[in-house]
Each structure stands twice: as C-alpha cells, then as structure tokens.
Amino acid sequence: MTLRHPARKRDDGRRGRFEQTAELASNLTSSPLFAAFCLALVAAFVAVHVAGASLAVQLLVGDTMAAVTLLLLALLKNSERRAEHAVQRKLDAIASALLEQQEGEPGEAHQRLKDAIRLEERL
C-alpha cells in the first residue's frame with residue numbers, strides 16, 4: 001500500500017471517507033460546542049481526582065482524554081496538510097502568473113492562478 005499526500009484525491013476525484021471525517025472534525029473542533037465539551041472533560045478529570053474516586057474511574061476519565069487527544073491529532077493533522085498543500089499550489093500559481101506577466105504573454109499560468117482561487121475548499 002502506497003501512502004499519498006492527504007490533499008491528493010482518489011482516482012475518481014472525490015475525497016475519501018477519512019478526508020471527509022477530518023474536515024468535519026476540523027469544523028467541530030473550532031466550534032464553541034467542542035470547547036464546552038473539552039472544559040467538561042477537564043472538569044470531570046479534576047473532580048474525579050479531587051473527590052478521590054476509585055482508581056478505575058480515574059483511569060477511565062484519563063484514558064478518555066488520551067483517546068480524544070490522539071483522535072484529534074490524526075484528524076486535524078490531515079486537515080492541516082490539505083490546507084498547506086492548497087496554499088503551496090496557490091503560491092506556485094501566483095509565481096507562474098507573475099513570471100508570465102513579466103514576460104508579457106498571458107497563458108497557462110493565468111488559468112492556473114484562476115483555478116487556485118478557493119482551492120482549499122475543494123481539497
């Protein structure tokens with residue numbers, strides 16, 4: 001199995017299930033709802049330790065926090081890589097268009113620059 005860049009779409013041009021999930025996770029984690037969830041999870045962690053709950057309950061809360069952290073790390077890294085790829089393609093298109101403009105011939109770079117607009121939403 002070959003690993004491919006997260007911004008590269010499948011052969012049929014669509015995003016895979018993981019990429020769609022990563023995008024949803026990115027949108028969710030930037031919401032006030034998720035911030036409230038994180039605060040509740042940290043409050044539960046502190047409350048369980050302050051209350052002196054059993055070791056099993058403490059481990060359950062701690063393991064839940066670790067699992068959420070690892071899942072978010074994987075999903076958000078995917079979204080970050082796709083956005084980074086889109087920015088790089090836009091910079092390449094701008095550089096090509098500027099070079100064409102300097103040479104006085106609008107051509108393929110001009111079209112690539114137009115295609116790069118809102119590229120991050122399509123990746």
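The analysis underlying the following values was restricted to heavy atoms, covering all of them including side chains, and did not include hydrogens, waters or symmetry mates. In this chain, residues are counted from 1 in sequence order.
As a member of the Ile/Leu/Val/Met/Phe/Trp/Tyr network built from side-chain separations under 4.5 Å, Leu55 groups with Leu59.
Hydrophobic clustering (side-chain heavy atoms under 4.5 Å, transitive across Ile, Leu, Val, Met, Phe, Trp, Tyr) groups Met65 together with Val57. In the hydrophobic clustering of ILVMFWY residues, with side-chain heavy atoms under 4.5 Å counting as a link, Phe37 and Val61 come out together. Clustering ILVMFWY residues whenever any of their side-chain heavy atoms sit less than 4.5 angstrom apart, transitively, puts Val48 in a cluster other than the one holding Leu60. The hydrophobic cluster containing Leu24 does not contain Leu72, counting ILVMFWY residues as joined when their side-chain heavy atoms lie under 4.5 angstrom apart, directly or transitively.
With Gln58 contributing its side chain and His49 its backbone, the two residues share no donor-acceptor pair below 3.5 Å.
In this structure, the separation between CD on Glu84 and CD on Gln88 is 8.0 Å, given to the nearest 0.5 Å.
For Ile94, the side chain to side chain contact (heavy atoms under 4.5 Å, CB included) partners two or more places apart in sequence, or in a different chain, are Leu98, Leu113.
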